[in-house]
There are 2 protein chains.
Amino acid sequence: MHAKTTESPVRLAAETWESLFRAQVAVMRRLQAAPAFKALALNEYDVLFTLSRCPSGWLRLNELNDNVLLSQSSLSRLVERLEKRGFVERTPAPEDGRGILIRLTDAGRELQKQIGREHVRDIAALVGPALSAAEQQELLRLTEKLRAAVAAR
Amino acid sequence: MHAKTTESPVRLAAETWESLFRAQVAVMRRLQAAPAFKALALNEYDVLFTLSRCPSGWLRLNELNDNVLLSQSSLSRLVERLEKRGFVERTPAPEDGRGILIRLTDAGRELQKQIGREHVRDIAALVGPALSAAEQQELLRLTEKLRAAVAAR
DNA sequence: GCGATTTACATGCATTTGCATGTATCGAAG
DNA sequence: CTTCGATACATGCAAATGCATGTAAATCGC
């Protein structure tokens, strides 16, 4: 019997996670080196990107926090910096006096688009040659399934 | 024709990467919250882990840097902190007067094992219920292929 | 409907991080 | 052998980050 099929479920899960994590590190290291991220840290871009994908245009701070690997306080200050630089606006949430709503300004939307175009090209240049289209679709499916399962708990 | 099959290669690659990245964020957020990481940041644990998996026991600083998403200077100081806490040792590299070699101390190895056991359980508890064994093996294969392709360039 | 608990976000402060640069060694070219 | 550029790691310093905590609003229990 093949080794992979006899190893314990716990070990398989650990190896799978480690492989996913190392792949993320390897790709991210390349992406971060792009000239576009001289102007804006990757976490900052990520916030602009998430806002750009939001149908209503407005997001709560804690909704943003689900997408980014940052503590609540760090995200709070990151958004504060983006506001000072004129890339996002903040407004008290109408239905909840504790909350704030955030959206892109025109300048923020423009910057996101500009960096986004280059970023997408960089991603394609790294991922495209590495995996076939079918493999990419399968990787997309598996990671989305994993994310959904983890978020649901 | 299905939408997924008609989308451009560039778009597919970008969506695949985003999905992988979001999954990594979702899982990492849970793992970081474990009590074990009160004593040791995840990046610090990662260095101990990488050293524990090294056959010779010794690694160069720049070899370590390939595994961790940290700048060279940050890793230099991270190792300095680990040395002060007694978890690693540093020695000038014998074959290269510029380099240093790092290895675990007994205390470091013990701490890595202890945190590692809990960490592996946490991983299994998150990944195990999310994906079947066959899916995990496929995810492992795809992420390893991606990592190898990116590292090779 | 009122006090107690929880949730959302902000802020003080110590630690960590990255960028730019410094120091020392290595390797290549002549 | 000498010089010049590249590589490996360390360090000064400003900025970012996380933890603990603060403030204010919402929600829960009775």
Side-chain angles (χ1 to χ4, degrees), chain A residues 25 28-48 50-51 54 58-85 87-103, chain B residues 25 28-48 50-51 54 58-85 87-103:
Chain A
V25 168
M28 188 61 87
R29 187 173 280 291
R30 296 307 195 91
L31 294 176
Q32 277 185 336
F37 295 111
K38 291 283 186 185
L40 207 63
L42 212 138
N43 278 336
E44 293 171 333
Y45 169 75
D46 202 7
V47 166
L48 299 190
T50 303
L51 288 170
C54 167
W58 294 100
L59 278 178
R60 290 284 293 266
L61 197 56
N62 63 10
E63 294 175 305
L64 271 175
N65 216 152
D66 294 336
N67 283 318
V68 185
L69 206 54
L70 275 180
S71 68
Q72 177 268 319
S73 60
S74 297
L75 179 60
S76 177
R77 277 189 266 239
L78 188 155
V79 168
E80 186 181 44
R81 291 194 299 273
L82 289 177
E83 186 184 31
K84 268 180 192 147
R85 294 221 262 162
F87 300 137
V88 303
E89 275 180 308
R90 299 206 288 192
T91 291
E95 300 298 321
D96 187 337
R98 300 164 301 178
I100 63 165
L101 292 172
I102 301 146
R103 75 166 171 185
Chain B
V25 168
M28 188 62 87
R29 186 172 279 292
R30 297 308 194 89
L31 294 176
Q32 277 185 334
F37 293 112
K38 290 282 185 183
L40 207 64
L42 211 139
N43 278 335
E44 293 172 333
Y45 169 75
D46 202 8
V47 165
L48 298 190
T50 303
L51 288 169
C54 167
W58 292 101
L59 277 178
R60 290 285 293 265
L61 197 55
N62 62 10
E63 295 175 304
L64 272 175
N65 217 153
D66 294 335
N67 282 317
V68 185
L69 205 54
L70 275 181
S71 69
Q72 177 268 318
S73 59
S74 297
L75 180 60
S76 177
R77 278 189 266 238
L78 188 156
V79 168
E80 185 181 44
R81 290 194 299 271
L82 289 176
E83 186 183 32
K84 269 178 193 150
R85 294 222 261 161
F87 300 136
V88 303
E89 275 180 308
R90 301 207 287 190
T91 292
E95 300 297 321
D96 186 339
R98 301 164 299 177
I100 64 165
L101 292 172
I102 301 146
R103 75 165 170 184

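Just so we're on the same page: letters track the sequence lines, and every chain starts at 1. In this text, all values refer to a predicted model and were calculated from it rather than measured experimentally.
A donor-acceptor contact shorter than 3.5 Å is absent between the side chain of B:Q32 and the backbone of B:R29. Remark: the backbone N or O of B:V68 is not paired with any side-chain donor or acceptor of B:D46 at under 3.5 angstrom.
Between B:L101 and A:L75, the residue anchored nearer the 5' end of DNA chain D, judged by the nucleotide with its closest heavy atom, is B:L101. Residue whose closest nucleotide on DNA chain C sits further toward the 5' end, between B:D96 and B:S71: B:S71. Nucleotides of DNA chain D nearest to B:I100 and A:E95 differ in position, and the one nearer the 5' end is that of B:I100.
You'll find that the side chain of B:R98 is closest to C:dC26, out of D:dA10, C:dC9, C:dC26. Taking only side-chain atoms of A:S74, from C-beta outward, the nucleotide of D:dA10, D:dC9, D:dT17 with the closest atom is D:dT17. For A:Q72, the side-chain atoms get nearest to C:dC9 when compared with the rest of C:dT17, C:dC9, D:dC9.
Note that OG1 of B:T50 and CG of B:L48 are 9.0 Å apart. Values are rounded to the nearest 0.5 Å.
Looking only at side-chain heavy atoms (C-beta outward), B:L40 and B:R85 come within less than 4.5 Å of each other.
Phosphate proximity of C:dT17 to B:N43: present, with a side-chain N or O under 4.0 Å from OP1 or OP2.
Judged by atom type and distance alone, B:E80 does not reach the base of D:dA10 through any side-chain donor-acceptor pair under 3.5 Å. Checked by distance alone, A:S73 brings a side-chain donor or acceptor within 3.5 Å of a matching partner on the base of D:dC19.
The CG atom of A:L70 sits 14 Å away from the C1' atom of D:dC19 (whole-angstrom rounding).
Using a 4.0 Å heavy-atom criterion, one finds that A:R77 contacts the bases of the nucleic acid, with or without backbone contacts as well.
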